[in-house]
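Here, residue 1 is the first one in the sequence, and each next residue gets the next number. FYI, side chains are in, hydrogens and waters are out, and symmetry mates aren't considered; it's all heavy atoms of this structure.
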Amino acid sequence: MARLPLVNFPAFRQHTEARESANTAIMGLLFGAQMSAKFLTLMDGSDQLLPAMFPGVQHVGRFNLTTTSARNVLVEADKHLGMMAVPYALAIHEDLLRSCIELTGCDVPRDASQLHNKLGSECSKGGGAFNQDSLSQLHTLREMRNAVIHRGGVIDGRVVKRVAAMSNDAVLDWRKVVGRNPLPLVEGATIDLGVGEMFLALAATKVLAKQANEMLARSLPVIRWAEVVVDDFLTHGPQVSTANDRRLRKKLLGWSRFHYHALKISDDEIAAAADARGLKI
């Protein structure tokens, strides 16, 4: 089945912006911590505390350590960053899935583990499916996140079960990206979410988000997409007087072609949806 270009409906645009912003911020923090650790090696052995050495740096008083102690913290910052970034990346993805399900007109499951199944079920007639390796990796990361948030990072049977369900290819890909094998995870051990798991969370959610987009594009009827276009234009498009029919038509059709060109919605279908919203174009 040929791949479709992405449809940039509002929730997907917001997701893309949030994901790119989070990715940039995470990489900036990771680089900044390592760069700072390198810089502080120049001052090894000093007994002075950081606030005395860098009084002009905001919040330095909250990091009241010697340069050697501070460098040791910064060198290990990737472990703490992973603990924070993995839940962040998963939350951004889960928010997109909820928005996609809402577009189908169905009730959104409260259980995050059922979001992909629900969307896949609603979009089954249009074809397409989620990559099962990426999905199994995401579910494993989700259970690891839950263990960190709700059980102090202690692995339970749900994490072990998700790991055992991964295919050989999913495990190999995990090892390649994360840098360690997930199979030795055992119940009662402590989870270590580092930058490797963070990179995997960003990679898996990117794949699954694109597939969710394509599944929606194939399954929602054109009339529903035309309604989405008009509502999107009215909410996020340029301000155009509804009294100027010619200019309004040009802007609305241009909005449709720019953000929804993959769907090939006809001008007449857009006009019908606009008419249903009280717009005469």
Side-chain angles (χ1 to χ4, degrees), residues 1-20 92-110 112 114-132 134-135 138 204-281:
M1 185 180 294
R3 295 292 301 274
L4 289 177
L6 295 175
V7 180
N8 285 310
F9 56 96
F12 195 79
R13 296 200 304 271
Q14 293 163 10
H15 163 267
T16 301
E17 182 178 350
R19 187 184 179 285
E20 290 177 351
I92 291 173
H93 181 70
E94 289 167 1
D95 186 57
L96 171 67
L97 266 290
R98 291 185 179 95
S99 297
C100 290
I101 294 170
E102 287 174 352
L103 272 180
T104 69
C106 296
D107 293 334
V108 179
R110 297 185 64 180
Q114 298 302 313
L115 293 173
H116 296 84
N117 287 342
K118 181 66 173 179
L119 184 62
S121 174
E122 294 302 322
C123 297
S124 59
K125 293 182 179 179
F130 288 112
N131 180 283
Q132 291 303 301
S134 295
L135 192 57
L138 179 134
T205 55
K206 182 177 182 179
V207 169
L208 295 171
K210 289 182 177 180
Q211 290 170 344
N213 186 297
E214 184 172 359
M215 289 162 65
L216 270 181
R218 293 185 184 281
S219 62
L220 289 189
V222 172
I223 188 172
R224 178 70 182 106
W225 277 120
E227 294 169 350
V228 171
V229 172
V230 175
D231 291 340
D232 182 14
F233 176 79
L234 291 174
T235 304
H236 303 104
Q239 297 297 314
V240 182
S241 172
T242 55
N244 190 334
D245 294 350
R246 177 177 293 182
R247 191 157 180 259
L248 177 63
R249 178 183 177 85
K250 180 179 179 181
K251 292 289 184 181
L252 176 55
L253 295 180
W255 189 266
S256 175
R257 291 171 189 137
F258 183 77
H259 291 295
Y260 301 86
H261 65 280
L263 301 172
K264 297 181 173 56
I265 307 173
S266 72
D267 293 355
D268 288 343
E269 287 162 335
I270 295 293
D275 184 66
R277 295 293 191 269
L279 298 178
K280 304 298 181 182
I281 66 169

Report yes if some heavy atom in the side chain of [X] is under 4.5 Å from a heavy atom in the side chain of [Y]; otherwise report no.
X	Y	answer
Leu216	Trp225	yes
Ile270	Leu253	yes
Glu227	Arg277	yes
Gln14	Arg19	no
Phe9	Cys100	yes
Leu208	Leu96	no

For [X], what residues pass the side-chain hydrogen bond (donor to acceptor under 3.5 Å, both in side chains) criterion, not counting sequence neighbours?
X	result
Ser266	Glu269
Asp95	none
Thr104	none

>> Between Leu248 and Phe233, is the side-chain contact (heavy atoms from CB on, under 4.5 Å) condition met? List the steps.
In response: CA-CA 10 Å; Leu248 177 63; Phe233 176 79; 3.6 Å; yes
>> Test of understanding: with side-chain contact (heavy atoms from CB on, under 4.5 Å), list the residues that count as partners of Glu102, not counting sequence neighbours.
In response: Val108
> Is there a side-chain contact (heavy atoms from CB on, under 4.5 Å) between Val222 and Leu263 once you walk through the steps?
Replying inline: CA-CA 8 Å; Val222 172; Leu263 301 172; over 6 Å; no
Separation of [Y] [atom2] from [X] [atom1] (nearest 0.5 Å):
X	Y	atom1	atom2	value
Leu115	Leu138	CG	CG	9.5 Å
Arg98	Lys118	CZ	NZ	14.0 Å
Gln239	Lys251	CD	NZ	11.5 Å
Leu220	Met215	CG	CE	11.0 Å
Gln114	Leu97	CD	CG	12.0 Å
Ile101	Asp107	CD1	CG	10.0 Å

> So which heavy atom on Ala11 is nearest to which on Ser99, and how close?
Replying inline: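 Of all heavy-atom pairs spanning Ala11 and Ser99, the closest is CB-CB, 3.5 Å.
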> Which atom names give the shortest non-hydrogen contact between Ala274 and Val230, and what distance separates them?
Replying inline: N-CG2, 3.7 Å
> Per the side chain to side chain donor-acceptor pair (under 3.5 Å) rule, which among Arg218, Gln211, Lys210 passes with Glu214?
Replying inline: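 When Arg218, Gln211, Lys210 are each tested with Glu214, the side chain to side chain donor-acceptor pair (under 3.5 Å) holds only for Arg218.
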> Which residues pass the ring pair (Phe, Tyr, Trp, His ring centres under 6.0 Å) test with His93, sequence neighbours left out?
Replying inline: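 His93: ring pair (Phe, Tyr, Trp, His ring centres under 6.0 Å) contacts with His116.
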Check whether any side-chain N or O of [X] sits under 3.5 Å from a backbone N or O of [Y] as a donor-acceptor pair, and report yes or no.
X	Y	answer
Thr16	Phe12	yes
Gln132	Phe130	yes
Asn213	Val7	yes

>> Going by side-chain hydrogen bond (donor to acceptor under 3.5 Å, both in side chains), name the pairs with one or both residues in residues 252-265, residues two or more places apart or in two chains.
In response: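 Checked against side-chain hydrogen bond (donor to acceptor under 3.5 Å, both in side chains) - neighbours excluded - the pairs reaching residues 252-265 are Asp232-Trp255, Asp232-Tyr260, Arg257-Asp267.
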